[in-house]
J.: 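Take this structure, written in structure tokens, and hold onto it; I'll ask about it next.
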Amino acid sequence: MQDNATEVTAAGIARLAGVGRAAVSNWRRRHADFPKPVGGTETSPSFALAEVEAWLRYQGKLAEVPLRERVWQQLVGHPEGPVAALTHAGCVLLLIHDRPTLWLEVSAGSDERLAAMLPGALEQVLAPRFGVTSARRGAGAVNSRSAVNSPGAVNTRSSANSRGDVKSGAAVNEPGAVNTSAAVNTPAAPTAPAAGIRPDAVNTPSPVNTTPTVHTPTVHAPAVHTPTGPEVLPSAPLLRGAAELAAEMGGARQAFEFLLGRHLDANPRQYTLTPAELAGLMADLAGPARTAFDPACGTGALLRAVAPRPEQELYAQDSAPDLAAVTALRLALRTRATVRAAVGDTLRADAHPELRADTVLCHPPFNERNWGHDELAYDPRWEYGFPARTESELAWVQHALARLKDGGTAVLLMPPAAASRRSGRRIRADLLRRGALRAVVALPVGAAPPYNIPLHLWVLRRPDKAPAQPEVLLADAGQFATEGRGGPDWRAVRDAVLDAWRAFDRAGTLDERPGLARALPVIDLLDDDVDLAPARHLPPPTATDGAEALTAVRERLGETLGLAAELTPPPAAGARPVRWPLTTVGELARGGALVMRTGGNGGHARVPVLTDHDVLAGTAPSGTLPESDEEPVLTEPGDVVVPVLGGGSMARVIDDATGGAALGRNLVLLRPDRTALDAWFLAGFLRGTANNRQASSYASTATRLDVRRLQLPRLPLDEQRRYGARFRALDEFERALRHANRLGDQLVRGMYDGLTDGTVAPD
């Protein structure tokens, strides 16, 4: 066995064998020949995957592991880490996508032969797609594992520009920090001509730091490099598995999206995602583009939303090399456009200084103080004013405008404070006067992280001529927020915002839409505050029939309370405890009495999505899934859906109204054989508190339910139906209570609003 073979934790072993963590601990104590740990810690050891599989197979304990799970275990246990493994897998999947016959030739034979031949084969694909040079050729190449100790290199863990759709976890280091992976093997500060800096600004002391800054040349290497044979060898089993996965899932792109989605789901605290619906809205606001640029690309959600066009060029940059590489691979697998993704801190070391794009889309990092304020005081990008140290977002706005051609459009996701902070009022005023800022759109709460804040979209256009009587569009889509965790009503947001923007963009003005949008003359905003928050300038929606509407809500509440009283369960009859013979969901699944499916990460069908919040709250499907070629799991009447996170005991039987919805994440679907299992009997016993407690495992921050370990009694079908009828009556009573609670909240809120805005009389 190689010293750096793929490793797996005890939790991974449990998944491979289809057992709980406790069983793995027992095996380690009882079996002297159980594989010894090869890494990890004393409390959380890791084991060689090959040794574990061999031992499980010898003991007859190796479950039939789905291909997806096997490949995921190989990726997450890779000796170089999951991100390096994901990049290697992405390179091979791109080879399979572009040159499938070449992959078949390379993959024939041993792993050593594969490692020897693969770099040359990859270079035939990566070089024309990304302009890649081999890591073996030295200067200018990007090496995913090498660290560079040269001054001025960019720190890969910086959050300075890794928020396109993913924000890397750590904060920005001080200027001159070292790039810890995939670094360019040359100094990273640009020359004056390359960065667009005035010659007289080079080597000029900044207003704060009196030490002269010496700018040295930069060679911005592509984000993806051709790995060497020794780098590839530990990945050989993973690469072969990824090829099988591509065949199973119908394509290399689908396989890469699946692996990336699993990685993002497994590390939710490390990444800040931009929802696909928001990315699509931003791309639609910008319009069609032959050349598009994302200076803080993350994993490429915004550029993936750009509509394909012939001879399209997509440019990207991110300070985190792993994110830049992921973006390049995702885009190359999705489109035939030219992809130019670079590594580096965009504000300090712009990789595309000569670019003039049709569109710039950006989700920049928020509230960054170490964005380069001291070093960039004389940068020519600050056409509208030098941003304060606390106004990093306005630095990104001006960088986006500087990379646009005349008449080009930029759309940036912004924190709401950027529209009103006093430190940025002069820049906002100049953006308005010169016609660069065209629209500010307030999104609903929950549109993107941080989910408790209504973020803004700024639509900017590089002026090709000064407008005679400039106006700016202010829109507020906050009314389309929903209670579910699936986000706002994206269809309503999209329709309202795009309709208002397109009408304004055509005419330069817009008839007022109360509570939603209005076009305001720029002169009306140029006061001491230059406050652009839409809510402060939009008239409230017209209040009509307020009292009548509240009367209707009150009547519905009375009816619902009456129904709840009728459905109240009769007095409970006592009975002696019964000890039934028990079975588990896992045993029933293996015996064919039911089918288990888990929620997906995406789907090509645009159907409502049932989320775990919908199941817990008893509401209609409210979520969405990222669009992909993955086949969604569609519910059917009679299915039982169980949430696996949160520690609550809940199960929901799908009815005719909910049937056909796609199954969301963190949900497990059980489809019983109706000749053997009653759905309501199954759902009722799965909700038992003791049952859930014994089937749950506990992490540091969450409780996860192992649905396979849930128990229910072995009873004849007629007896199951007796219990099922009682469980169904309890469910109807619970629904009535929930409906009454929602109507009561609506009535109370409506009364407060009506009394305070004058539409309801106090007597």
Side-chain angles (χ1 to χ4, degrees), residues 442-447 451-452 454 476-493 495-496 512-517 534-536 538-572 608-623 648 650 652-659 661 680 687 726-763:
L443 295 169
V445 172
Y451 290 107
N452 61 329
D476 189 345
Q479 61 185 284
F480 303 117
T482 61
E483 297 179 0
R485 285 189 293 177
D489 184 346
W490 278 112
R491 178 170 296 182
V493 172
D495 291 344
E512 187 175 293
R513 303 180 182 185
L516 180 61
R536 292 173 184 160
L538 294 178
T542 304
T544 57
D545 300 328
E548 290 80 356
L550 290 176
T551 300
V553 172
R554 185 180 184 280
E555 291 175 354
R556 289 166 56 200
L557 175 60
E559 295 172 359
T560 305
L561 290 173
L563 177 62
E566 294 177 7
L567 294 173
T568 301
V609 176
L610 186 70
T611 68
D612 53 348
H613 183 272
D614 298 330
V615 174
L616 293 169
T619 54
S622 65
M650 176 56 68
R652 177 172 174 178
V653 179
I654 301 299
D655 55 18
D656 292 335
T658 310
W680 287 101
R687 290 190 60 173
R726 190 64 182 270
F727 287 136
R728 186 167 191 166
L730 282 174
D731 181 78
E732 292 176 356
F733 175 61
E734 184 179 34
R735 286 172 182 262
L737 290 179
R738 285 175 170 167
H739 190 205
N741 183 59
R742 286 193 289 268
L743 288 172
D745 287 343
Q746 184 179 349
L747 179 61
V748 170
R749 173 50 50 197
M751 288 296 296
Y752 272 110
D753 290 344
L755 288 167
T756 55
D757 65 18
T759 59
V760 174
D763 49 301

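It should be emphasised that the depicted structure is a prediction, and the values quoted were computed from it without experimental measurement.
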J.: Identify the heavy atoms of Leu737 and Ala564 that sit nearest to each other, and give their distance.
T.: CD2-CB, 4.1 Å
J.: Do Leu730 and Leu567 come close enough that some side-chain heavy atom pair is under 4.5 Å?
T.: no
J.: How far does CG of Leu743 sit from CZ of Arg738, to the nearest 0.5 angstrom?
T.: 14.5 Å
J.: Would you check, one step at a time, whether the test side-chain contact (heavy atoms from CB on, under 4.5 Å) holds for Trp680 with Asp731?
T.: CA-CA 9 Å; Trp680 287 101; Asp731 181 78; 3.6 Å; yes
J.: Partners of Thr560 by side chain to side chain donor-acceptor pair (under 3.5 Å), sequence neighbours excluded?
T.: none
J.: Take a 6.0 Å sphere around OH of Tyr752 and say whether it holds more than 12 heavy atoms from other residues, nucleotides or ligands.
T.: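 Open: at most 12 neighbouring heavy atoms sit under 6.0 Å from OH of Tyr752.
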J.: Are there more than 12 heavy atoms of other residues, nucleotides or ligands under 6.0 Å from atom CZ of Arg513?
T.: yes
J.: Please name all residues satisfying salt bridge (Lys or Arg N to Asp or Glu O under 4.0 Å) with Arg536, sequence neighbours left out, ordered by chain then number.
T.: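 Arg536: salt bridge (Lys or Arg N to Asp or Glu O under 4.0 Å) contacts with Asp531.
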J.: State, with a plain yes or no, whether a side-chain heavy atom of Pro621 is found less than 4.5 Å away from one of Thr611.
T.: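 Pro621 vs Thr611: side chains apart.
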J.: For a 4.5 angstrom cut-off between non-hydrogen side-chain atoms, does Phe480 reach Leu516?
T.: yes
J.: Between Arg652 and Thr658, is any pair of side-chain heavy atoms under 4.5 Å apart?
T.: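 Yes, side chains in contact.
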J.: Got a sec, which residues hit ring pair (Phe, Tyr, Trp, His ring centres under 6.0 Å) with Phe733, two or more places apart in sequence or on another chain?
T.: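 Partners of Phe733 by the ring pair (Phe, Tyr, Trp, His ring centres under 6.0 Å) criterion come out as none, since no residue qualifies.
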J.: Output all residues satisfying salt bridge (Lys or Arg N to Asp or Glu O under 4.0 Å) with Asp489, sequence neighbours left out; order by chain, then residue number.
T.: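 In terms of salt bridge (Lys or Arg N to Asp or Glu O under 4.0 Å), with neighbours along the sequence ignored, Asp489 is linked to no residue.
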J.: How long is the span from the CG atom in Leu747 to the CZ atom in Arg554, to the nearest 0.5 Å?
T.: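 It is 8.0 Å, given to the nearest 0.5 Å.
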J.: Could you walk me through whether Thr619 and Arg742 pass the side-chain contact (heavy atoms from CB on, under 4.5 Å) check?
T.: CA-CA 11 Å; Thr619 54; Arg742 286 193 289 268; 3.8 Å; yes
J.: Mind checking what makes side chain to side chain donor-acceptor pair (under 3.5 Å) contact with Arg728, not counting sequence neighbours?
T.: none
J.: By salt bridge (Lys or Arg N to Asp or Glu O under 4.0 Å), which residues pair with Arg687, not counting sequence neighbours?
T.: Glu734
J.: Measure the shortest side-chain to side-chain distance between Val493 and Pro444 over non-hydrogen atoms and say whether it is less than 4.5 angstrom.
T.: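 Yes, close enough: below the 4.5 Å cut-off.
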J.: What are the two closest heavy atoms between Ala761 and Leu755, and how far apart are they?
T.: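 Looking at all heavy atoms of both residues, the shortest contact is O-CD2, 3.8 Å.
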J.: Looking only at heavy atoms, which two atoms of Arg726 and Pro569 are closest? And how far apart?
T.: NH2-CB, 4.5 Å
J.: Contact between Pro454 and Leu443 at the side-chain level, heavy atoms closer than 4.5 Å - yes or no?
T.: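 No, their side chains stay 4.5 Å or more apart.
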J.: Check Arg491 with Asp495, please: is the shortest side-chain N to carboxylate O separation under 4.0 Å?
T.: no
J.: Got Asp612 and Met650 here, is their nearest side-chain heavy-atom distance under 4.5 Å?
T.: no
J.: Do Leu610 and Val615 have side chains that get closer than 4.5 Å, going by heavy atoms?
T.: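 They are in side-chain contact.
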